[in-house]
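Whatever order the structure lists ligands and atoms in, that order sets their numbers, starting from 1. Only this structure's heavy atoms are used, side chains among them; waters, hydrogens and symmetry mates stay out. All figures in this text were calculated on a predicted structure; none of them were measured in a lab.
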Amino acid sequence: MAPPIPGRSARPQWWSRAVFYQVYPRSFADSNGDGVGDLDGITERLDHLSDLGVQALWLNPVMVSPMADHGYDVSDPRDIDPLFGDLAALDRLLAAAHSRGIRVTMDLVPNHVSSAHPWFVAALADPTRRDRFIFRDGGGPDGSEPPNNWVSIFGGPAWTRVPDGQWYLHLFDAAQPDLNWEHPEVFDDIEKTLRFWLDRGVDGFRIDVAHGMAKPATLPDMDLTENELLRNKADDPRFDNDAVHDIHRFIRTVLDDYPDAVTVGEIWVHGNEQFAKYLRPDELHLGFNFHLVQTDYDAAGIRAAIDNSLDAAALAGAAPTWTLSNHDVPREVSRYGNGAAGLRRARAMALVKLALPGTVFIYNGAELGLPNVELPDDVLQDPVWERSGRAERGRDGCRVPLPWSGSAPPFGFSSTPDTWLPIPADWKALTVEAQRDDPDSTLTLYRRAIALRTGRAEFAGDTVEWLGDSTFRRPGGLVCAFNAGAVPVTLPAGEVLLTSGPLKDGLLPPDTAAWLVSA
Ligand code: NOJ
(Lines give C-alpha, C1' and ligand atoms only; values in the text may rest on other atoms or scores of the structure.)
Protein backbone atom coordinates (compact mmCIF):
# COMPACT_ATOMS: atom_id res chain seq x y z
CA MET A 1 0.00 0.00 0.00
CA ALA A 2 1.26 3.50 -0.79
CA PRO A 3 2.42 5.50 2.24
CA PRO A 4 -0.12 8.10 3.38
CA ILE A 5 0.32 11.54 1.81
CA PRO A 6 1.41 13.98 4.57
CA GLY A 7 -1.51 16.03 5.82
CA ARG A 8 -4.13 13.77 4.21
CA SER A 9 -6.49 12.13 6.69
CA ALA A 10 -6.06 8.37 6.95
CA ARG A 11 -9.77 8.07 7.72
CA PRO A 12 -11.76 7.42 4.55
CA GLN A 13 -14.23 10.25 4.15
CA TRP A 14 -17.83 9.65 3.15
CA TRP A 15 -17.30 11.21 -0.26
CA SER A 16 -14.43 9.02 -1.32
CA ARG A 17 -16.80 6.20 -2.40
CA ALA A 18 -20.09 8.06 -2.66
CA VAL A 19 -22.53 8.10 -5.53
CA PHE A 20 -23.54 11.71 -6.15
CA TYR A 21 -26.62 12.68 -8.12
CA GLN A 22 -26.44 15.99 -9.94
CA VAL A 23 -29.73 17.88 -9.83
CA TYR A 24 -30.19 20.58 -12.44
CA PRO A 25 -32.87 22.39 -10.41
CA ARG A 26 -34.61 24.05 -13.36
CA SER A 27 -35.24 20.64 -14.86
CA PHE A 28 -35.82 18.20 -12.00
CA ALA A 29 -39.35 18.88 -10.70
CA ASP A 30 -41.61 21.94 -10.59
CA SER A 31 -43.73 22.28 -7.43
CA ASN A 32 -45.46 25.60 -8.16
CA GLY A 33 -46.59 25.28 -11.75
CA ASP A 34 -44.43 28.00 -13.31
CA GLY A 35 -42.79 25.56 -15.70
CA VAL A 36 -39.38 25.73 -14.00
CA GLY A 37 -38.13 23.22 -11.45
CA ASP A 38 -37.56 24.37 -7.86
CA LEU A 39 -36.35 23.33 -4.41
CA ASP A 40 -39.71 22.09 -3.13
CA GLY A 41 -39.96 20.04 -6.32
CA ILE A 42 -36.72 18.30 -5.37
CA THR A 43 -37.96 17.70 -1.83
CA GLU A 44 -41.21 16.21 -3.13
CA ARG A 45 -39.29 13.82 -5.37
CA LEU A 46 -36.71 12.64 -2.85
CA ASP A 47 -38.22 9.15 -2.81
CA HIS A 48 -36.90 8.72 -6.34
CA LEU A 49 -33.39 9.48 -5.12
CA SER A 50 -33.70 7.27 -2.03
CA ASP A 51 -34.91 4.42 -4.22
CA LEU A 52 -32.01 5.01 -6.57
CA GLY A 53 -29.72 4.70 -3.56
CA VAL A 54 -27.53 7.76 -4.06
CA GLN A 55 -25.64 9.13 -1.09
CA ALA A 56 -25.34 12.80 -2.02
CA LEU A 57 -26.76 15.51 -4.25
CA TRP A 58 -25.02 18.29 -6.10
CA LEU A 59 -27.42 21.14 -6.87
CA ASN A 60 -26.53 23.47 -9.72
CA PRO A 61 -26.76 27.12 -8.58
CA VAL A 62 -29.93 28.18 -6.80
CA MET A 63 -28.67 31.54 -5.51
CA VAL A 64 -30.20 34.87 -6.54
CA SER A 65 -29.49 35.42 -10.21
CA PRO A 66 -30.87 37.21 -13.26
CA MET A 67 -30.37 33.80 -14.97
CA ALA A 68 -28.31 35.02 -17.91
CA ASP A 69 -26.45 31.70 -17.53
CA HIS A 70 -29.16 29.90 -15.54
CA GLY A 71 -27.73 30.68 -12.12
CA TYR A 72 -24.01 30.83 -12.91
CA ASP A 73 -24.45 34.61 -12.83
CA VAL A 74 -24.99 35.20 -9.11
CA SER A 75 -26.18 38.58 -7.86
CA ASP A 76 -26.60 37.57 -4.20
CA PRO A 77 -24.55 34.54 -3.19
CA ARG A 78 -26.22 34.22 0.22
CA ASP A 79 -29.88 33.89 -0.69
CA ILE A 80 -32.08 31.67 -2.84
CA ASP A 81 -33.52 32.93 -6.11
CA PRO A 82 -37.33 33.23 -5.87
CA LEU A 83 -37.59 31.10 -9.01
CA PHE A 84 -36.32 28.17 -6.92
CA GLY A 85 -37.99 29.10 -3.61
CA ASP A 86 -36.43 30.65 -0.55
CA LEU A 87 -34.14 29.80 2.35
CA ALA A 88 -36.97 27.99 4.11
CA ALA A 89 -37.37 25.76 1.04
CA LEU A 90 -33.67 24.96 1.15
CA ASP A 91 -33.99 24.12 4.86
CA ARG A 92 -36.88 21.78 4.05
CA LEU A 93 -34.79 20.07 1.40
CA LEU A 94 -31.79 19.74 3.71
CA ALA A 95 -33.90 18.28 6.51
CA ALA A 96 -35.72 15.84 4.23
CA ALA A 97 -32.55 14.72 2.45
CA HIS A 98 -30.57 14.35 5.66
CA SER A 99 -33.35 12.32 7.25
CA ARG A 100 -32.91 9.87 4.35
CA GLY A 101 -29.14 9.83 4.76
CA ILE A 102 -28.59 11.90 1.61
CA ARG A 103 -26.07 14.75 1.80
CA VAL A 104 -26.60 17.97 -0.14
CA THR A 105 -23.85 19.95 -1.85
CA MET A 106 -24.29 23.23 -3.69
CA ASP A 107 -22.52 25.03 -6.51
CA LEU A 108 -20.10 27.83 -5.60
CA VAL A 109 -19.26 30.30 -8.36
CA PRO A 110 -16.08 32.16 -7.36
CA ASN A 111 -14.68 33.17 -10.76
CA HIS A 112 -17.37 35.71 -11.58
CA VAL A 113 -20.61 37.28 -10.40
CA SER A 114 -23.63 38.69 -12.18
CA SER A 115 -23.50 42.14 -13.74
CA ALA A 116 -26.49 42.80 -11.44
CA HIS A 117 -24.38 42.11 -8.33
CA PRO A 118 -24.23 45.29 -6.19
CA TRP A 119 -20.43 45.39 -6.52
CA PHE A 120 -20.65 45.54 -10.30
CA VAL A 121 -23.52 48.02 -10.29
CA ALA A 122 -21.35 50.26 -8.08
CA ALA A 123 -18.35 49.73 -10.36
CA LEU A 124 -20.30 50.82 -13.41
CA ALA A 125 -21.60 53.93 -11.67
CA ASP A 126 -18.26 55.01 -10.22
CA PRO A 127 -14.87 54.38 -11.90
CA THR A 128 -13.13 54.60 -8.50
CA ARG A 129 -14.98 51.46 -7.35
CA ARG A 130 -13.79 49.04 -10.00
CA ASP A 131 -10.97 47.26 -8.21
CA ARG A 132 -13.03 44.19 -7.29
CA PHE A 133 -13.27 43.44 -11.03
CA ILE A 134 -10.80 43.47 -13.91
CA PHE A 135 -11.30 46.80 -15.64
CA ARG A 136 -8.67 48.13 -18.07
CA ASP A 137 -8.30 50.92 -20.57
CA GLY A 138 -8.63 49.77 -24.16
CA GLY A 139 -5.95 49.36 -26.78
CA GLY A 140 -5.43 51.29 -30.01
CA PRO A 141 -5.01 55.04 -30.34
CA ASP A 142 -8.43 55.86 -28.90
CA GLY A 143 -8.87 52.91 -26.53
CA SER A 144 -11.53 51.40 -28.74
CA GLU A 145 -9.87 48.00 -28.94
CA PRO A 146 -10.09 45.41 -26.15
CA PRO A 147 -7.12 45.37 -23.73
CA ASN A 148 -5.99 41.98 -25.07
CA ASN A 149 -7.17 39.30 -27.49
CA TRP A 150 -8.82 36.95 -24.97
CA VAL A 151 -11.99 35.27 -26.13
CA SER A 152 -14.96 34.30 -24.00
CA ILE A 153 -15.60 30.58 -23.47
CA PHE A 154 -19.09 31.25 -24.81
CA GLY A 155 -17.77 32.92 -27.97
CA GLY A 156 -16.89 36.51 -28.87
CA PRO A 157 -14.42 38.74 -27.06
CA ALA A 158 -13.83 38.31 -23.31
CA TRP A 159 -14.03 42.08 -22.85
CA THR A 160 -17.00 44.45 -22.92
CA ARG A 161 -16.70 48.23 -23.08
CA VAL A 162 -18.66 50.41 -20.65
CA PRO A 163 -20.04 53.84 -21.61
CA ASP A 164 -17.12 55.79 -20.13
CA GLY A 165 -14.71 53.89 -22.38
CA GLN A 166 -13.11 51.32 -20.05
CA TRP A 167 -13.38 47.58 -20.63
CA TYR A 168 -14.12 44.74 -18.17
CA LEU A 169 -13.12 41.11 -18.40
CA HIS A 170 -15.63 38.26 -18.54
CA LEU A 171 -14.39 34.80 -19.43
CA PHE A 172 -18.01 33.75 -19.94
CA ASP A 173 -21.02 35.94 -20.79
CA ALA A 174 -20.87 39.74 -20.62
CA ALA A 175 -23.38 39.38 -17.76
CA GLN A 176 -20.71 37.45 -15.77
CA PRO A 177 -17.88 39.89 -14.94
CA ASP A 178 -14.76 38.19 -13.58
CA LEU A 179 -13.77 39.03 -10.02
CA ASN A 180 -10.34 40.39 -9.17
CA TRP A 181 -8.94 37.77 -6.79
CA GLU A 182 -6.17 40.09 -5.72
CA HIS A 183 -8.68 42.11 -3.73
CA PRO A 184 -9.00 41.16 -0.03
CA GLU A 185 -12.75 41.82 0.01
CA VAL A 186 -13.22 39.07 -2.57
CA PHE A 187 -11.62 36.61 -0.14
CA ASP A 188 -13.66 37.93 2.79
CA ASP A 189 -16.85 37.61 0.82
CA ILE A 190 -16.26 34.02 -0.26
CA GLU A 191 -15.57 33.09 3.36
CA LYS A 192 -18.89 34.63 4.36
CA THR A 193 -20.63 32.70 1.61
CA LEU A 194 -19.01 29.39 2.51
CA ARG A 195 -19.86 29.75 6.19
CA PHE A 196 -23.40 30.94 5.42
CA TRP A 197 -24.30 27.71 3.64
CA LEU A 198 -22.20 25.36 5.76
CA ASP A 199 -23.74 26.75 8.96
CA ARG A 200 -27.16 26.05 7.44
CA GLY A 201 -26.26 22.40 7.04
CA VAL A 202 -25.02 22.19 3.46
CA ASP A 203 -22.51 19.36 3.09
CA GLY A 204 -20.08 20.96 0.67
CA PHE A 205 -19.61 22.59 -2.70
CA ARG A 206 -18.94 21.88 -6.32
CA ILE A 207 -16.62 24.73 -7.29
CA ASP A 208 -17.28 26.26 -10.68
CA VAL A 209 -14.29 26.96 -12.96
CA ALA A 210 -11.93 25.99 -10.14
CA HIS A 211 -8.98 26.49 -12.50
CA GLY A 212 -10.04 30.09 -13.24
CA MET A 213 -10.09 33.02 -10.81
CA ALA A 214 -6.37 33.96 -10.80
CA LYS A 215 -5.26 36.00 -13.81
CA PRO A 216 -1.67 36.88 -14.77
CA ALA A 217 -0.81 40.49 -13.85
CA THR A 218 0.20 41.46 -17.40
CA LEU A 219 -2.83 39.84 -19.07
CA PRO A 220 -0.76 38.63 -22.05
CA ASP A 221 -2.46 37.73 -25.33
CA MET A 222 -3.55 34.13 -25.80
CA ASP A 223 -2.92 31.77 -28.69
CA LEU A 224 -6.18 31.78 -30.62
CA THR A 225 -5.75 28.41 -32.35
CA GLU A 226 -7.37 25.19 -31.06
CA ASN A 227 -9.46 27.05 -28.57
CA GLU A 228 -12.05 24.49 -27.46
CA LEU A 229 -14.87 24.99 -24.98
CA LEU A 230 -13.75 24.47 -21.37
CA ARG A 231 -10.53 22.65 -22.30
CA ASN A 232 -7.19 24.06 -21.46
CA LYS A 233 -3.94 24.19 -23.26
CA ALA A 234 -0.80 24.31 -21.17
CA ASP A 235 -0.10 27.88 -22.19
CA ASP A 236 -3.58 29.42 -21.99
CA PRO A 237 -3.09 32.54 -19.84
CA ARG A 238 -6.77 32.68 -18.91
CA PHE A 239 -6.65 29.57 -16.73
CA ASP A 240 -4.56 27.53 -14.32
CA ASN A 241 -2.38 30.36 -13.10
CA ASP A 242 -0.33 29.44 -10.03
CA ALA A 243 -2.02 31.99 -7.77
CA VAL A 244 -5.27 30.00 -8.06
CA HIS A 245 -3.82 27.58 -5.53
CA ASP A 246 -3.65 30.30 -2.87
CA ILE A 247 -7.40 30.73 -3.35
CA HIS A 248 -8.04 27.01 -2.93
CA ARG A 249 -5.86 26.94 0.17
CA PHE A 250 -7.92 29.79 1.57
CA ILE A 251 -11.19 28.00 0.83
CA ARG A 252 -9.79 24.87 2.47
CA THR A 253 -8.96 26.68 5.70
CA VAL A 254 -12.66 27.52 5.97
CA LEU A 255 -13.79 24.02 5.00
CA ASP A 256 -11.52 22.51 7.61
CA ASP A 257 -13.77 24.04 10.26
CA TYR A 258 -16.48 21.69 8.93
CA PRO A 259 -14.69 18.32 8.80
CA ASP A 260 -17.50 16.44 7.04
CA ALA A 261 -17.90 18.98 4.23
CA VAL A 262 -16.47 18.33 0.80
CA THR A 263 -15.26 20.43 -2.12
CA VAL A 264 -15.15 19.12 -5.65
CA GLY A 265 -13.60 21.33 -8.27
CA GLU A 266 -14.50 21.68 -11.92
CA ILE A 267 -10.96 21.45 -13.23
CA TRP A 268 -10.15 21.60 -16.93
CA VAL A 269 -6.38 21.69 -17.10
CA HIS A 270 -3.68 20.32 -19.30
CA GLY A 271 -2.02 17.19 -17.92
CA ASN A 272 -2.24 15.11 -14.78
CA GLU A 273 0.49 16.95 -12.89
CA GLN A 274 -1.42 20.19 -13.20
CA PHE A 275 -4.67 18.46 -12.21
CA ALA A 276 -3.11 16.83 -9.14
CA LYS A 277 -1.94 20.19 -7.81
CA TYR A 278 -5.56 21.12 -7.09
CA LEU A 279 -5.94 18.03 -4.92
CA ARG A 280 -3.00 18.63 -2.62
CA PRO A 281 -3.89 17.98 1.03
CA ASP A 282 -4.57 21.64 1.71
CA GLU A 283 -6.65 22.33 -1.43
CA LEU A 284 -9.73 20.62 -2.90
CA HIS A 285 -10.96 17.25 -1.69
CA LEU A 286 -12.04 16.04 -5.12
CA GLY A 287 -11.63 17.14 -8.72
CA PHE A 288 -13.94 16.38 -11.60
CA ASN A 289 -12.16 14.34 -14.15
CA PHE A 290 -13.62 14.61 -17.63
CA HIS A 291 -11.69 11.90 -19.48
CA LEU A 292 -14.69 9.56 -19.72
CA VAL A 293 -16.93 12.39 -20.94
CA GLN A 294 -14.48 13.02 -23.75
CA THR A 295 -14.16 9.37 -24.80
CA ASP A 296 -16.19 7.52 -27.43
CA TYR A 297 -17.55 4.04 -26.86
CA ASP A 298 -14.25 2.49 -27.79
CA ALA A 299 -12.34 -0.11 -25.76
CA ALA A 300 -8.87 1.43 -26.04
CA GLY A 301 -10.18 4.94 -25.39
CA ILE A 302 -12.20 3.86 -22.34
CA ARG A 303 -9.27 1.96 -20.87
CA ALA A 304 -6.94 4.91 -21.44
CA ALA A 305 -9.44 7.32 -19.86
CA ILE A 306 -9.80 5.09 -16.79
CA ASP A 307 -6.05 4.63 -16.38
CA ASN A 308 -5.41 8.30 -16.88
CA SER A 309 -8.00 9.33 -14.31
CA LEU A 310 -6.69 6.82 -11.79
CA ASP A 311 -3.15 8.07 -12.33
CA ALA A 312 -4.20 11.70 -11.92
CA ALA A 313 -5.97 11.03 -8.62
CA ALA A 314 -3.17 8.77 -7.36
CA LEU A 315 -0.63 11.54 -7.94
CA ALA A 316 -2.46 13.51 -5.28
CA GLY A 317 -3.61 10.61 -3.11
CA ALA A 318 -7.21 11.69 -3.72
CA ALA A 319 -10.23 9.60 -4.65
CA PRO A 320 -10.80 9.42 -8.42
CA THR A 321 -14.09 10.78 -9.74
CA TRP A 322 -16.19 9.46 -12.63
CA THR A 323 -18.78 11.18 -14.71
CA LEU A 324 -20.37 10.41 -18.06
CA SER A 325 -22.34 13.61 -18.48
CA ASN A 326 -23.43 16.85 -16.86
CA HIS A 327 -25.37 20.01 -17.71
CA ASP A 328 -22.62 21.22 -20.09
CA VAL A 329 -22.25 18.26 -22.46
CA PRO A 330 -24.56 16.20 -24.69
CA ARG A 331 -26.11 13.24 -22.90
CA GLU A 332 -24.22 9.96 -23.24
CA VAL A 333 -27.05 8.13 -25.06
CA SER A 334 -26.64 10.63 -27.90
CA ARG A 335 -22.85 10.84 -27.73
CA TYR A 336 -22.71 7.07 -28.19
CA GLY A 337 -24.85 7.13 -31.31
CA ASN A 338 -28.47 7.69 -30.20
CA GLY A 339 -31.30 5.20 -30.67
CA ALA A 340 -31.14 1.64 -29.40
CA ALA A 341 -27.36 1.37 -29.83
CA GLY A 342 -26.71 4.65 -28.00
CA LEU A 343 -28.90 3.51 -25.11
CA ARG A 344 -27.25 0.07 -24.94
CA ARG A 345 -23.81 1.69 -24.79
CA ALA A 346 -24.90 4.24 -22.19
CA ARG A 347 -26.19 1.38 -20.03
CA ALA A 348 -22.95 -0.54 -20.48
CA MET A 349 -20.96 2.55 -19.52
CA ALA A 350 -23.14 3.02 -16.44
CA LEU A 351 -21.90 -0.38 -15.25
CA VAL A 352 -18.31 0.49 -16.15
CA LYS A 353 -18.52 3.75 -14.23
CA LEU A 354 -20.23 2.23 -11.19
CA ALA A 355 -17.64 -0.57 -11.07
CA LEU A 356 -14.76 1.86 -10.60
CA PRO A 357 -13.21 2.87 -7.28
CA GLY A 358 -13.84 6.39 -6.03
CA THR A 359 -16.66 8.89 -6.36
CA VAL A 360 -19.32 8.61 -9.04
CA PHE A 361 -21.51 11.43 -10.36
CA ILE A 362 -24.81 10.75 -12.14
CA TYR A 363 -26.42 13.61 -14.06
CA ASN A 364 -30.20 13.76 -13.56
CA GLY A 365 -31.96 11.85 -16.28
CA ALA A 366 -29.04 9.54 -17.04
CA GLU A 367 -30.78 6.97 -14.83
CA LEU A 368 -33.74 7.15 -17.22
CA GLY A 369 -31.61 6.78 -20.33
CA LEU A 370 -32.68 10.19 -21.65
CA PRO A 371 -31.19 11.23 -24.98
CA ASN A 372 -30.15 14.76 -25.87
CA VAL A 373 -32.97 16.73 -27.46
CA GLU A 374 -32.75 18.59 -30.76
CA LEU A 375 -34.60 21.78 -29.85
CA PRO A 376 -35.98 24.34 -32.32
CA ASP A 377 -34.06 27.63 -32.61
CA ASP A 378 -36.81 29.71 -31.04
CA VAL A 379 -36.67 27.94 -27.65
CA LEU A 380 -32.90 27.98 -27.20
CA GLN A 381 -31.82 29.83 -24.05
CA ASP A 382 -28.15 29.06 -23.51
CA PRO A 383 -26.06 32.26 -23.93
CA VAL A 384 -23.70 30.21 -26.09
CA TRP A 385 -26.29 30.34 -28.91
CA GLU A 386 -26.29 34.13 -29.26
CA ARG A 387 -22.66 34.73 -28.28
CA SER A 388 -21.44 32.31 -30.93
CA GLY A 389 -23.45 34.20 -33.54
CA ARG A 390 -25.86 31.24 -33.58
CA ALA A 391 -23.07 28.94 -34.72
CA GLU A 392 -23.16 26.77 -31.57
CA ARG A 393 -26.55 25.54 -30.36
CA GLY A 394 -25.35 25.40 -26.76
CA ARG A 395 -26.30 23.12 -23.90
CA ASP A 396 -30.09 23.29 -23.71
CA GLY A 397 -30.49 19.85 -25.31
CA CYS A 398 -29.17 18.12 -22.18
CA ARG A 399 -31.22 20.31 -19.82
CA VAL A 400 -34.76 19.38 -20.89
CA PRO A 401 -37.06 18.72 -17.87
CA LEU A 402 -37.29 15.18 -16.53
CA PRO A 403 -40.33 13.01 -17.38
CA TRP A 404 -41.94 11.59 -14.25
CA SER A 405 -45.29 10.08 -15.18
CA GLY A 406 -48.21 10.02 -17.59
CA SER A 407 -48.36 9.77 -21.33
CA ALA A 408 -47.93 13.33 -22.58
CA PRO A 409 -45.83 16.43 -21.78
CA PRO A 410 -45.24 17.76 -19.16
CA PHE A 411 -45.08 14.14 -17.89
CA GLY A 412 -45.65 15.09 -14.25
CA PHE A 413 -42.72 17.51 -14.20
CA SER A 414 -45.06 20.47 -13.75
CA SER A 415 -48.73 21.29 -13.74
CA THR A 416 -48.27 23.52 -16.79
CA PRO A 417 -47.50 22.14 -20.25
CA ASP A 418 -45.58 25.37 -20.85
CA THR A 419 -42.28 24.12 -19.41
CA TRP A 420 -39.13 26.25 -19.71
CA LEU A 421 -37.87 23.92 -22.40
CA PRO A 422 -40.35 21.68 -24.24
CA ILE A 423 -40.31 17.98 -23.35
CA PRO A 424 -40.46 15.64 -26.36
CA ALA A 425 -43.92 14.15 -26.84
CA ASP A 426 -42.45 10.65 -27.29
CA TRP A 427 -40.91 10.34 -23.81
CA LYS A 428 -43.78 8.27 -22.40
CA ALA A 429 -41.70 5.10 -22.12
CA LEU A 430 -38.89 7.03 -20.41
CA THR A 431 -40.83 8.32 -17.40
CA VAL A 432 -39.94 7.23 -13.88
CA GLU A 433 -43.43 5.73 -13.61
CA ALA A 434 -42.99 3.65 -16.75
CA GLN A 435 -39.58 2.38 -15.69
CA ARG A 436 -40.00 1.89 -11.95
CA ASP A 437 -41.34 -1.67 -12.00
CA ASP A 438 -39.87 -2.78 -15.29
CA PRO A 439 -37.06 -5.26 -14.54
CA ASP A 440 -35.32 -4.39 -17.81
CA SER A 441 -35.51 -0.60 -17.58
CA THR A 442 -32.52 1.70 -17.32
CA LEU A 443 -33.83 2.96 -13.99
CA THR A 444 -33.90 -0.59 -12.61
CA LEU A 445 -30.40 -1.19 -13.93
CA TYR A 446 -29.09 1.92 -12.13
CA ARG A 447 -30.93 1.03 -8.93
CA ARG A 448 -29.55 -2.50 -8.88
CA ALA A 449 -26.05 -1.38 -9.77
CA ILE A 450 -25.92 1.27 -7.04
CA ALA A 451 -27.28 -1.18 -4.46
CA LEU A 452 -24.62 -3.74 -5.36
CA ARG A 453 -21.85 -1.14 -5.41
CA THR A 454 -22.88 0.14 -2.02
CA GLY A 455 -23.56 -3.20 -0.37
CA ARG A 456 -21.15 -5.81 -1.70
CA ALA A 457 -17.69 -6.44 -0.32
CA GLU A 458 -16.39 -7.27 -3.81
CA PHE A 459 -16.30 -3.53 -4.57
CA ALA A 460 -13.58 -3.00 -1.95
CA GLY A 461 -10.17 -1.61 -2.86
CA ASP A 462 -8.87 1.48 -4.57
CA THR A 463 -7.23 -0.04 -7.62
CA VAL A 464 -8.12 -1.61 -10.93
CA GLU A 465 -6.32 -4.56 -12.49
CA TRP A 466 -6.87 -5.03 -16.23
CA LEU A 467 -7.51 -8.64 -17.21
CA GLY A 468 -7.79 -7.76 -20.89
CA ASP A 469 -8.54 -4.74 -23.07
CA SER A 470 -12.04 -4.38 -21.75
CA THR A 471 -12.15 -6.37 -18.51
CA PHE A 472 -10.97 -5.17 -15.14
CA ARG A 473 -10.99 -6.50 -11.61
CA ARG A 474 -11.26 -4.76 -8.26
CA PRO A 475 -9.20 -6.09 -5.33
CA GLY A 476 -12.40 -7.19 -3.56
CA GLY A 477 -13.18 -9.57 -6.42
CA LEU A 478 -15.60 -7.67 -8.65
CA VAL A 479 -14.92 -8.17 -12.35
CA CYS A 480 -16.38 -5.79 -14.93
CA ALA A 481 -16.30 -6.75 -18.60
CA PHE A 482 -17.64 -4.61 -21.42
CA ASN A 483 -17.90 -5.36 -25.11
CA ALA A 484 -17.12 -2.46 -27.43
CA GLY A 485 -16.52 -4.76 -30.40
CA ALA A 486 -18.79 -6.06 -33.13
CA VAL A 487 -19.25 -9.71 -32.08
CA PRO A 488 -20.28 -11.47 -28.85
CA VAL A 489 -17.38 -12.44 -26.57
CA THR A 490 -16.83 -15.01 -23.85
CA LEU A 491 -17.52 -13.83 -20.31
CA PRO A 492 -14.74 -14.00 -17.74
CA ALA A 493 -15.09 -16.77 -15.15
CA GLY A 494 -17.37 -16.14 -12.21
CA GLU A 495 -20.92 -15.72 -11.06
CA VAL A 496 -22.80 -13.03 -13.01
CA LEU A 497 -24.11 -10.32 -10.69
CA LEU A 498 -25.63 -7.97 -13.24
CA THR A 499 -25.58 -7.26 -16.95
CA SER A 500 -26.54 -4.11 -18.81
CA GLY A 501 -28.50 -6.14 -21.36
CA PRO A 502 -29.38 -9.77 -22.12
CA LEU A 503 -26.57 -12.26 -22.70
CA LYS A 504 -26.64 -14.19 -25.98
CA ASP A 505 -26.10 -17.93 -25.67
CA GLY A 506 -24.02 -17.25 -22.57
CA LEU A 507 -21.86 -14.73 -24.43
CA LEU A 508 -21.51 -10.97 -23.82
CA PRO A 509 -23.04 -9.22 -26.85
CA PRO A 510 -21.67 -5.99 -28.38
CA ASP A 511 -22.54 -2.79 -26.50
CA THR A 512 -23.10 -4.70 -23.26
CA ALA A 513 -21.31 -4.87 -19.91
CA ALA A 514 -21.41 -7.46 -17.14
CA TRP A 515 -20.43 -7.61 -13.48
CA LEU A 516 -19.17 -10.90 -12.13
CA VAL A 517 -17.61 -12.19 -8.94
CA SER A 518 -15.19 -15.06 -8.84
CA ALA A 519 -15.93 -17.94 -6.52
C1 NOJ B 1 -19.07 25.90 -15.78
C2 NOJ B 1 -20.50 25.53 -15.57
O3 NOJ B 1 -20.61 24.13 -15.45
C4 NOJ B 1 -21.25 26.09 -16.74
O5 NOJ B 1 -22.56 25.62 -16.80
C6 NOJ B 1 -21.21 27.59 -16.65
O7 NOJ B 1 -21.83 28.13 -17.80
C8 NOJ B 1 -19.77 28.09 -16.59
N9 NOJ B 1 -18.97 27.33 -15.69
C10 NOJ B 1 -19.74 29.54 -16.16
O11 NOJ B 1 -20.07 29.67 -14.81
Ligand 1 versus R206, non-hydrogen atoms closer than 4.0 Å: side chain, backbone, both, neither?
-> side chain
Check: of D382, N111, D328, min heavy-atom distance to atom 5 (O) of ligand 1 comes from D328
Numbered atoms and elements of ligand 1 in range of R399, under 4.0 angstrom, heavy atoms = 5 (O)
With a 6.0 Å cut-off on ring centres, are F361 and W322 close enough?
-> no
When you check the side-chain N and O atoms of H291 and N308, is any donor under 3.5 Å from an acceptor?
-> yes
Here the atoms of ligand 1 under 4.0 Å from any heavy atom belonging to F154 are 7 (O)
Will you find, in the side chains of H98 and D203, an N or O donor that is under 3.5 Å from an N or O acceptor?
-> yes
For ligand 1, which atoms, with element, lie under 4.0 Å from some heavy atom of R395?
-> 4 (C), 5 (O), 6 (C), 7 (O)
Which pairs would a plain distance check flag for residues 190-198, meaning a side-chain donor or acceptor within less than 3.5 Å of a matching protein atom at least two apart in sequence or in another chain?
| unit_1 | atom_1 | unit_2 | atom_2 | d |
| --- | --- | --- | --- | --- |
| E191 | OE2 | R195 | NE | 2.9 |
| E191 | OE2 | R195 | NH2 | 3.1 |
| T193 | OG1 | R78 | NH1 | 2.7 |
| T193 | OG1 | D189 | O | 3.1 |
| R195 | NH1 | D257 | OD2 | 3.1 |
| R195 | NH2 | D257 | OD2 | 3.0 |
| W197 | NE1 | P77 | O | 3.0 |

Per-atom contacts, ligand 1 versus V209 - under 4.0 Å to a heavy atom | 9 (N)
Are R130 and Q166 close enough that a side-chain donor and a side-chain acceptor fall under 3.5 Å?
-> yes
With heavy atoms under 4.0 Å as the rule, classify the contact between H70 and ligand 1 as side chain, backbone, both or neither.
-> neither
By number and element, which atoms of ligand 1 are closer than 4.0 Å to a non-hydrogen atom of H112?
-> 10 (C), 11 (O)
Check the angle between the aromatic planes of F135 and F133 and answer parallel, tilted or perpendicular using the 30° and 60° thresholds.
-> perpendicular
